[in-house]
Asks: 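Have a look at this one.
Because the structure is predicted, anything quoted here is derived from the model rather than measured. Just so we're on the same page: letters track the sequence lines, and every chain starts at 1. These numbers come from the heavy atoms of this one structure, side chains and all, not from hydrogens, waters or symmetry mates.
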Amino acid sequence: MTKTNAYITTAIPYVNGKPHIGNALDYLLADIWTRYQKQNGRQVRFQVGTDEHGNKIAAKARANNLDPQSYVDGMYGNFKILMGAVGAEYTDFVRTTDQHHVAAVQYIWRRLSQAGLIYKHTYEGWYCMGHEAFFTDKEVHDTSGICPDHQTPYERVSEENYYLRASAFTERIRQAIESGKMKIVPEFRKNEFLELIKNGVQDVSISRPRKNLSWGVSVPDDDTQVMYVWIDALANYITVLGYPDNPEWQTYWPADVQVIGKDILRFHAGIWPAMLLGLDLPLPKVLLVHGFVHVGGAKMSKTVGNVVDPMEIIQNYGADAFRYFFARHIPTQEDGDFTWEKFENAYNGELGNDLGNLVQRVAAMITRYQAGVIGNAPQAEHDMTGYRDAMQHLQFSQALDDVWSSVRSLNQYLERVKPWQIAKQRANDHDAEGHLNEVLAYAASTLLQIADELVPFMPTTAEAIHSIFATGIVPAQITPLFPKIYLHTSNPQAPQDTRK
RNA sequence: CGCGGGGUGGAGCAGUCCGGUUAGCUCGGUUGGCUCAUAACCAACAGGUCGCAGGUUCAAAUCCUGCCCCCGCAACCA
């Protein structure tokens, strides 16, 4: 039996900054999906990468007295570190400065051009040097002609650019989205986008004069123009597979899932499909749109100073705890809220008290009453439909809710049958021995099933639980899965602080 | 009338599409139980005008109308 191939992608972040929670969320969601698919026997390619061209990069490089290439060479590793810390088992890392990528992008440009989908157009408008961008008449009027961010007047500039005739594909794109051939998840994002293109998908400017943009992929057969972000960045999803020269790309494209943030949906549901259709390629099957992570109800921003560094969480609590919180308490398809207090409560309460303690008590009883031998009992067969269903619909937080209700049930079960009392009855009740064995074996097998369900979310924890109960002999010494941590909440056991 | 999301016990949410048992869950609070366990676990109780005002109906958190409030997007800071 050959494994079915599967392909999942993440957005490639711009390398001129520190990796943040949003990137981590991308990697996490894609990784959960990947591990789940692998668990179900599929062969998965999982793409990640970095977007390394553009003026901001060039400017940053200059400020650091580096040429752009050396600058990005020094920066992209930061993202690799984060991916590693999150535990993302990606298979392919693409940099937009990779030689193969650059060549492939130029090939793509030529094909689109030959298909008559690229045309030259002179754009005239109000330009702000500081933003390196054009502004609409309305904005210029509203600000009396002065850019509020830079305190400089807008300039009237005309610029010749190449455009991609995305509008030509409006109907096909709309049809693909409506029919679900290219599914946008969640549903309300789909409606949002359909509303946005009600008047058609807009053509989009895909190049800049070289004098305005030097650090980028050259437009084929026109030295005066350099590619602007769109074709360069979006193409990564196929170039990383080897498109066009390594035929293996065909065994993975179209992608099963493309993970994106809500802010870039418009590009991935509009421009990207237009490119693919222009190349006669199939569209991705699903665009999974996640929300933003807020902090204490407010947008995370550098100016407010409430930015949370994912590395800090992982370093203090471990990757599994990070993965757990963001998978369960940040709704997969909506905005979520992070606070250190929420995080720590989830860590100590749900991971420590609910799950960690459960593993501990079951293991301890088996060790204490049966010298560590689990013995045989009917296999625990819990209903997994809820879990499977949630996973299938990419509602990871719901899947975890389901797992936790199993955890809760097992705690309740133990309370009901009271194995510690059965253990005492063994002295004068011959049936007690067998009964106890059955109860504990059932508990162990339930925990093994829970571990299976946790594989996509908390691989290390799943493995730890597995290694305790799977061999039939519980190790004499086991370390607590989630020891209590009180960095941001008060320790209830701590002596009362009477000072002040 | 730009588009969308939301307003449910102290906090966070489910339920709303397809009206109908005592409005459900987690956390927090109180009380109790248990002692296998990471002072963990289990149970019970307290606590709600389901944003406001009308309407439809035997019956509305759920359907209809109007209004108020919060938050996103609309603007290449994921």
Asks: Closest to the A:Asn353 side chain: B:rC76, B:rC41, B:rU35?
Replies: B:rC41

Asks: Listing request: all salt bridge (charged side-chain N to carboxylate O under 4.0 Å, His left out) pairs with a residue in residues 385-411 of chain A, at least two apart in sequence or in separate chains.
Replies: A:Arg328-A:Asp401

Asks: Mind checking the C1' distance from B:rG9 to B:rC45? Whole angstroms is fine.
Replies: 14 Å

Asks: Heavy atoms under 4.0 Å, any strand shown: does A:Gly291 hit a base, just sugar-phosphate, or nothing?
Replies: base

Asks: Whole-Å distance between B:rG5 P and A:Arg189 CZ?
Replies: 10 Å

Asks: I'd like to know whether A:Trp109 forms a ring-ring contact (aromatic ring centres under 6.0 Å, His included) with A:Tyr162, so could you lay out the CA-CA distance, the side-chain angles of the two residues, the decisive distance to 0.1 Å, and finally the verdict.
Replies: CA-CA 11 Å; A:Trp109 181 289; A:Tyr162 285 102; 5.5 Å; yes

Asks: Out of B:rG72, B:rC41, B:rG4, which has the shortest distance to the side chain of A:Arg361?
Replies: B:rC41

Asks: Using atom C1' in both nucleotides, what's the gap between B:rU65 and B:rG24 to the nearest angstrom?
Replies: 30 Å

Asks: Should the pair A:Phe343 and A:Tyr347 be assigned to parallel (<30°), tilted (30 to 60°) or perpendicular (>60°) ring geometry?
Replies: parallel

Asks: Thinking salt bridges, do A:Arg95 and A:Asp51 make one under a 4.0 Å N-O criterion?
Replies: no

Asks: Which part of the nucleic acid, if any, lies within reach of A:His329 when heavy atoms closer than 4.0 Å are counted: base, sugar-phosphate only, or nothing?
Replies: nothing

Asks: Classify the angle between the aromatic ring planes of A:Tyr324 and A:Trp404 as parallel (below 30°), tilted (30 to 60°) or perpendicular (above 60°).
Replies: tilted

Asks: Starting at atom CD of A:Glu341, determine the distance to atom C1' of B:rA11, rounded to an integer number of angstrom.
Replies: 10 Å

Asks: Tell me the interatomic distance from A:Lys484, atom NZ, to B:rA39, atom C1', rounded to whole angstroms.
Replies: 8 Å

Asks: Which string of ( ) [ ] | and . matches RNA chain B, if you list each base 5' to 3' and count Watson-Crick or G-U pairs only when both distances are under 3.5 Å?
Replies: .(((((((.[[[[.)....(...]]]].(((((.......))))).....[[[[[..)....]]]]])))))).....

Asks: In whole angstrom, give the distance that lies between atom CG of A:Asn212 and atom P of B:rC76.
Replies: 18 Å

Asks: Please determine whether any donor N or O and acceptor N or O are separated by less than 3.5 Å between the side chain of A:Glu415 and the base of B:rG33.
Replies: yes

Asks: Would you measure the distance from the C1' atom in B:rU49 across to the matching atom in B:rA44 and give it in whole Å?
Replies: 27 Å

Asks: In whole Å, I'd like the distance from the CH2 atom of A:Trp340 to the P atom of B:rG12.
Replies: 21 Å

Asks: Indicate whether the side chain of A:Gln258 and that of A:Thr9 have a donor and an acceptor atom separated by less than 3.5 Å.
Replies: yes

Asks: Taking only the C1' atom of each, what is the distance from B:rG48 to B:rC42 in whole angstrom?
Replies: 26 Å

Asks: What contact category does A:Tyr369 fall into here, base, sugar-phosphate, or nothing, at under 4.0 angstrom with non-hydrogen atoms?
Replies: sugar-phosphate

Asks: Rounded to whole angstrom units, what separation is found between the CZ atom of A:Phe193 and the P atom of B:rG2?
Replies: 22 Å

Asks: Can you identify which nucleotide, out of B:rU38, B:rC76, B:rC36, has its nearest atom closest to the A:Arg208 side chain?
Replies: B:rC76

Asks: Determine the Euclidean distance between corresponding P atoms of B:rC25 and B:rA59; express it in Å to zero decimal places.
Replies: 28 Å

Asks: Quick one about A:Glu344 and A:Thr489 (side-chain donor to acceptor, distance below 3.5 Å, no hydrogens or angles considered), yes or no?
Replies: yes

Asks: Checking side-chain polar atoms at under 3.5 Å, does A:Glu52 have a donor or acceptor matched by the opposite partner on A:Thr50?
Replies: yes

Asks: Among the candidates B:rC41, B:rC36, B:rC76, find the nucleotide nearest to the side-chain atoms of A:Asp354.
Replies: B:rC41

Asks: Hey, is A:Arg361 close enough to A:Glu415 for a salt bridge, meaning N to O under 4.0 Å?
Replies: yes

Asks: Taking the P atom in each of B:rG7 and B:rC64, what is the distance between them to the nearest angstrom?
Replies: 16 Å

Asks: Here's a test of your reading of the structure: between A:Val293 and A:Met365, which maps to the more 5' nucleotide of RNA chain B?
Replies: A:Met365

Asks: For the side chain of A:Glu195, starting at C-beta, report the closest nucleotide among B:rC3, B:rG72, B:rC41.
Replies: B:rC3

Asks: To the nearest angstrom, how far is A:Asn348 atom CG from B:rU38 atom C1'?
Replies: 10 Å

Asks: Which nucleotide in the list B:rC34, B:rA40, B:rU38 gets nearest to the side chain of A:Tyr486?
Replies: B:rA40

Asks: So which protein nitrogen or oxygen atoms get under 3.5 Å of nucleotides 28-32 of chain B's nitrogens or oxygens?
Replies:
none

Asks: Residues from residues 384-414 of chain A sitting under 4.0 Å of RNA chain B, heavy atoms only?
Replies: A:Arg408, A:Asn411, A:Gln412

Asks: For A:Val229 and A:Phe482, find the nucleotide of RNA chain B closest to each by heavy atoms; which residue's nucleotide sits nearer the 5' end?
Replies: A:Phe482

Asks: Need one value for A:Lys262: base, sugar-phosphate or nothing, where a base atom within 4.0 Å counts as base even if backbone is also close, heavy atoms only.
Replies: sugar-phosphate

Asks: Taking ring pair (Phe, Tyr, Trp, His ring centres under 6.0 Å) as the test, write out the residues that go with A:Trp33, two or more places apart.
Replies: none

Asks: Test of understanding: with side chain to side chain donor-acceptor pair (under 3.5 Å), list the residues that count as partners of A:Ser409, not counting sequence neighbours.
Replies: none

Asks: I would like to know whether A:Tyr228 and A:His53 meet ring-ring contact (aromatic ring centres under 6.0 Å, His included); could you show each step before the answer?
Replies: CA-CA 9 Å; A:Tyr228 188 53; A:His53 287 130; over 10 Å; no

Asks: Check every strand shown and say whether A:Ala11 touches a base, only sugar-phosphate, or nothing at a heavy-atom separation below 4.0 Å.
Replies: nothing

Asks: Once the angle between the rings of A:Phe267 and A:Trp230 is folded into 0 to 90°, is it parallel (under 30°), tilted (30 to 60°) or perpendicular (over 60°)?
Replies: tilted

Asks: With rounding to the closest Å, how many angstrom separate the P atoms on B:rC63 and B:rG20?
Replies: 10 Å

Asks: Could you state the CD-P distance from A:Gln202 to B:rA74, rounded to the nearest angstrom?
Replies: 15 Å

Asks: ring-ring contact (aromatic ring centres under 6.0 Å, His included), that's the test. Do A:Phe338 and A:Phe325 meet it? Break it down for me.
Replies: CA-CA 9 Å; A:Phe338 175 91; A:Phe325 184 85; 5.7 Å; yes

Asks: Sticking with atom C1', work out how far B:rC73 lies from B:rA46, rounded to a whole angstrom.
Replies: 42 Å

